[in-house]
Structures are given as structure tokens and as C-alpha cells.
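Working notes, beginning with the structure itself.
Because the structure is predicted, anything quoted here is derived from the model rather than measured.
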Amino acid sequence: QVHVVESGGGLVQAGGSLRLSCTASGRTYRAYAMGWFRQAPGKEREFAAAISWTGGRTYYADSVKGRFTISRDNGKNTVYLQMNRLKPEDTAVYYCASSRSTDYPYQYHYWGQGTQVTVSS
């Protein structure tokens, strides 16, 4: 069993930055590929970013590419999402998920509870 918990959401002005954190806990024997998703009110959940087991590969949705950076610190069992140049359309609940897949695109097996990000205009 793996528990995934997100933190770091909040209210920020357009053009500002936030850094989300996601910590995995439980019985694990290796690092997992991890992904960030988001869901805005009235919209479907969408993929934002993903990172491989070692952090050597990263993937981004076109909507966030160039503004968001995903990284990880396996010593802390933590993955981060650095969010820069935020836009009002980035407002959403952000979810972190872990994957047991080896190759991208990953299938996700464990999900966090979500953290709210609100960007004001």
C-alpha cells in the first residue's frame, strides 16, 4: 500500500509562483514514476506533468510546458511541481499520483487527496 499526500496549494496572483509537494509513504521497495493532474470546476481531470522513477525523464502537457517544472527527491520520497507564470486558467485542484508502470505513458495506481490552487487575475 502506498499513500500519496499533496501540499503547497493556495491563492496566488496571476504571474506568480507556487511549489506543490507530494510525499509518498507506506511499504515501498523502489521509487515510483509520479504524475500531477488537475481538475478545474466543470472540467475533466487533465494531465499536467510526469516524472520517471529516477527523475531522468519528464513529461508535460502543452498547457503547462515552459511554465511548470516537475522534479523529485527520492531520499525524501517527495515529488515537486514548481509552477511559474501562473494564469487564472491554472486554477484547479491538483492531484498527485504514483505509477507502477515502467514506460511512458504511465498508468496510475495510487492517488492523493488533492490540493487547491487558485490564481487571481
Side-chain angles (χ1 to χ4, degrees):
Q1 297 291 320
V2 176
H3 289 91
V4 180
V5 179
E6 308 96 332
S7 63
L11 175 64
V12 66
Q13 189 175 358
S17 299
L18 284 173
R19 188 179 74 163
L20 306 183
S21 298
C22 172
T23 299
S25 63
R27 188 174 183 180
T28 61
Y29 299 97
R30 65 179 185 183
Y32 291 85
M34 303 290 291
W36 285 98
F37 294 76
R38 64 186 187 179
Q39 186 169 22
K43 295 185 178 181
E44 297 292 325
R45 183 176 297 176
E46 65 176 358
F47 169 78
I51 189 166
S52 64
W53 298 349
T54 64
R57 296 279 185 172
T58 58
Y59 309 89
Y60 298 95
D62 289 342
S63 58
V64 308
K65 189 176 181 63
R67 299 187 299 118
F68 291 9
T69 302
I70 188 169
S71 62
R72 68 188 304 161
D73 183 343
N74 287 342
K76 299 179 180 179
N77 297 320
T78 300
V79 64
Y80 304 96
L81 186 67
Q82 180 66 46
M83 309 164 67
N84 298 327
R85 298 181 180 179
L86 283 162
K87 305 174 181 179
E89 50 262 46
D90 294 320
T91 295
V93 177
Y94 283 71
Y95 297 90
C96 181
S98 67
S99 174
R100 291 188 261 108
S101 302
T102 300
D103 300 319
Y104 188 84
Y106 304 124
Q107 300 296 311
Y108 297 91
H109 305 93
Y110 305 100
W111 292 80
Q113 83 291 339
T115 186
Q116 177 70 48
V117 172
T118 303
V119 184
S120 62
S121 60

Show your working on side chain to side chain contact (heavy atoms under 4.5 Å, CB included) between Tyr94 and Glu6 and close with a plain yes or no.
-> CA-CA 8 Å; Tyr94 283 71; Glu6 308 96 332; over 6 Å; no
Stepwise side-chain hydrogen bond (donor to acceptor under 3.5 Å, both in side chains) test for Thr78 and Thr23 | CA-CA 4 Å; Thr78 300; Thr23 299; 3.3 Å; yes
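Residues meeting the side chain to side chain donor-acceptor pair (under 3.5 Å) test with Ser71, sequence neighbours left out: none. The ring-ring contact (aromatic ring centres under 6.0 Å, His included) check on Tyr60 picks up nothing, with sequence neighbours excluded. Applying the side chain to side chain contact (heavy atoms under 4.5 Å, CB included) rule to His109 yields the partners Ser99, Arg100, Ser101, Gln107; only residues at least two apart in sequence or on another chain are considered. Looking at residues two or more places apart in sequence or on another chain, you find a side chain to side chain donor-acceptor pair (under 3.5 Å) between Ser17 and Asn84.
Among residues at least two apart or in separate chains, there is no disulfide (SG to SG under 2.5 Å) pair with a member in residues 35-70. Among residues at least two apart or in separate chains, there is no disulfide (SG to SG under 2.5 Å) pair with a member in residues 31-76. Contacts classified as disulfide (SG to SG under 2.5 Å) and involving residues 59-121 (residues at least two apart or in different chains) are given here: Cys22-Cys96. Under the disulfide (SG to SG under 2.5 Å) criterion, no residue pair touches residues 35-90, with sequence neighbours excluded. Screening residues 53-65 for salt bridge (charged side-chain N to carboxylate O under 4.0 Å, His left out), with sequence neighbours left out, gives no hits. Residue pairs meeting the salt bridge (charged side-chain N to carboxylate O under 4.0 Å, His left out) criterion with at least one partner in residues 70-92, sequence neighbours excluded, are Arg38-Asp90, Arg67-Asp90.
Criterion: ILVMFWY side-chain heavy atoms under 4.5 Å apart, direct or through other members. Under it, Trp36 and Phe68 are part of a common hydrophobic cluster.
Taking both residues in full, the closest heavy atoms of Val117 and Leu20 are given as CG2-CD2, 4.0 Å, listed atom of the first, atom of the second, then distance. Here the closest heavy-atom approach between residue Val2 and residue Tyr32 is recorded as CG2-OH, 3.6 Å.
Residue Tyr80 shares its hydrophobic cluster (ILVMFWY side chains chained together at separations under 4.5 Å) with no other residue. Members clustered with Val5: none, using a 4.5 Å side-chain heavy-atom cutoff among hydrophobic residues.
Note: Phe37 and Trp111 meet the aromatic proximity criterion, with ring centroids under 6.0 Å apart. If you look at Tyr59 and Phe47, their ring centroids are not closer than 6.0 Å.
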